[in-house]
Number of protein chains: 2
Amino acid sequence: MTQFGRTVRELRERLRQEDARFSLRQVAKRVGIEPAYLSKIERGDVAPPSEATTLRLAEELDADPDWFLALAGKVSSDLQEIIRRRPELFAELIRQLREAPDDAILRVVREVRDGDW
Amino acid sequence: MTQFGRTVRELRERLRQEDARFSLRQVAKRVGIEPAYLSKIERGDVAPPSEATTLRLAEELDADPDWFLALAGKVSSDLQEIIRRRPELFAELIRQLREAPDDAILRVVREVRDGDW
DNA sequence: ACGAGTGTGTAGTATATACGACACATGACA
DNA sequence: TGTCATGTGTCGTATATACTACACACTCGT
């Protein structure tokens with residue numbers, strides 16, 4: 001599972017082509033971790049970092065937080081909390097949607113957004 | 001957060017009134033953990049156990065697995081995997097439903113179940 | 001009185017998580 | 001030819017997770 005690492009590296013290198021401030025060291029500094037650690041993360045030498053660090057990285061690299069957490073093998077703790085408040089309800093809903101096509105889920109999202117409960 | 005422990009104890013004591021096989025020791029044995037450990041769990045002396053152990057406990061005590069995991073502060077790993085496959089879609093859906101009343105979510109569940117995508 | 005079963009207190013442990021510190025080699029630039 | 005910045009290799013560590021092992025005190029039936 002070095003998918004996360006490869007993605008971080010690709011995003012960073014891409015940004016770097018137009019902005020030299022996206023060197024590994026400088027990104028690490030802004031994110032608040034050691035360069036050596038970021039290096040290992042990018043090469044999949046260590047497991048993906050904590051949720052907090054992953055989120056700071058996502059912001060730095062302008063990536064979607066939930067997507068980034070997913071690449072890191074995690075699910076946002078705020079989503080988990082929502083589920084934990086009504087576990088049976090959400091469990092059933094999510095399992096129902098396991099095989100549903102993207103646009104079916106999107107329809108549900110829109111419907112809920114416009115819904116008048 | 002001894003909510004999990006208290007619930008385990010209550011469920012077990014209740015079952016015990018009609019079946020002496022639900023002593024702490026015997027339940028621990030069937031679940032595959034040490035009695036001392038289960039004792040600490042029930043009194044909130046330690047954090048709730050792992051997902052696997054929590055699920056075996058839920059089955060033993062005839063409790064809903066997702067509800068039990070929630071009490072233990074967790075979200076089923078299979079739900080997490082479903083979310084991780086399409087993180088942005090599910091994140092939006094779940095956040096939309098954060099404040100929705102139960103019956104609104106139930107309507108969505110039914111609708112999806114009967115849906116023809 | 002004693003053996004079986006009960007719950008619990010104390011101590012210890014293996015593994016995972018999430019990093020930091022420091023040194024090193026390389027390449028570009030003045 | 002220094003020096004500056006780059007990425008990386010090695011080693012160590014604090015904290016959390018998820019338990020086990022063993023001994024103890026109590027109670028209940030025989």
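To find a chain, count down the sequence lines: A is the first, B the second, and so on, and within it residues start at 1.
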- Query: Taking everything shown except A/Glu59 itself, do over 12 heavy atoms lie less than 6.0 Å from its CD?
  - Reply: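 Open.
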- Message: Please determine whether the number of non-hydrogen atoms from other residues, nucleotides or ligands lying under 6.0 Å from atom CG of A/Asp62 exceeds 12.
- Response: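 Result for CG/A/Asp62: open.
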Would you kindly give the [atom1]-to-[atom2] distance between [X] and [N], to the nearest whole Å?
X       : N      : atom1 : atom2 : value
B/Tyr37 : D/dA18 : OH    : C1'   : 5 Å
A/Glu42 : D/dG9  : CD    : C1'   : 16 Å
B/Ile41 : D/dA18 : CD1   : C1'   : 9 Å
A/Lys29 : D/dG7  : NZ    : P     : 14 Å
B/Phe4  : D/dA18 : CZ    : P     : 12 Å
B/Glu34 : D/dA21 : CD    : P     : 5 Å
A/Asp45 : D/dT10 : CG    : P     : 9 Å
B/Leu38 : D/dC19 : CG    : P     : 12 Å

- Task: Check DNA chain D against residues 14-24 of chain A and give the residues with a non-hydrogen atom under 4.0 Å, in numerical order.
- Result: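 Under 4.0 Å from DNA chain D: A/Arg16, A/Ser23, A/Leu24.
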- Which ones in residues 50-57 of chain B lie close to DNA chain D, meaning a heavy atom under 4.0 Å from one of its atoms?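 Hits under 4.0 Å, by residue number: B/Ser50, B/Thr53.
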- Query: Among D/dA18, C/dT8, D/dG7, which is the nearest nucleotide to the side chain of B/Lys74?
  - Reply: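 Of D/dA18, C/dT8, D/dG7, D/dA18 is nearest to the side chain of B/Lys74.
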- Message: Checking the side chain of B/Ser39 only, and the main-chain atoms of B/Pro35 only, is there a donor and an acceptor separated by less than 3.5 Å?
- Response: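 Checked: no pair found.
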Do [X] and [Y] have side-chain heavy atoms sitting under 4.5 Å apart?
X       : Y        : result
B/Asp66 : A/Phe90  : no
A/Glu92 : B/Ile105 : no
B/Val31 : B/Leu38  : no

- Task: Ignoring backbone atoms, establish whether A/Arg9 has a side-chain N or O less than 4.0 Å from OP1 or OP2 of D/dT8.
- Result: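 So the side chain of A/Arg9 is within the cut-off, an N or O lying under 4.0 Å from OP1 or OP2 of D/dT8.
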- Query: Does B/Lys40 make a side-chain donor-acceptor contact with the base of D/dT20, cut-off 3.5 Å?
  - Reply: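 Such a pair is found, so the answer is yes.
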Show the atom names and distances, to 0.1 Å, of all donor-acceptor pairs under 3.5 Å that link a side chain in residues 19-26 of chain B to residues at least two apart or in another chain.
unit_1: B/Asp19; atom_1: OD1; unit_2: B/Arg21; atom_2: N; d: 2.9
unit_1: B/Ser23; atom_1: OG; unit_2: B/Gln26; atom_2: N; d: 3.1

- Task: Mind checking the CG-CZ spacing from B/Leu61 to B/Arg12? Nearest 0.5 Å is all I need.
- Result: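 It comes to 8.5 Å.
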- Gap between atom OG of B/Ser76 and atom CZ of A/Arg84 - 0.5 Å precision: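 It is 13.0 Å, given to the nearest 0.5 Å.
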- Query: Which residues satisfy the side-chain contact (heavy atoms from CB on, under 4.5 Å) test with A/Glu88, sequence neighbours excluded?
  - Reply: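 Counting only residues at least two positions away or on another chain, A/Glu88 forms a side-chain contact (heavy atoms from CB on, under 4.5 Å) with B/Asp64, B/Trp67.
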- Message: If the condition is salt bridge (charged side-chain N to carboxylate O under 4.0 Å, His left out), which residues does A/Asp45 pass it with, not counting sequence neighbours?
- Response: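 Result, salt bridge (charged side-chain N to carboxylate O under 4.0 Å, His left out) vs A/Asp45: none returned.
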- Using the closest heavy atom to pick a nucleotide of DNA chain D for each, name whichever of B/Ala47 or B/Gly32 lands nearer the 5' end.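 First, find each residue's nearest nucleotide; the 5'-ward one identifies B/Ala47.
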Please list, pair by pair, any protein nitrogen or oxygen found under 3.5 Å from a nitrogen or oxygen in nucleotides 23-30 of chain C.
none

- salt_bridge(A/Arg56, A/Glu60) N-O dist < 4.0 Å: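 Salt bridge absent between A/Arg56 and A/Glu60.
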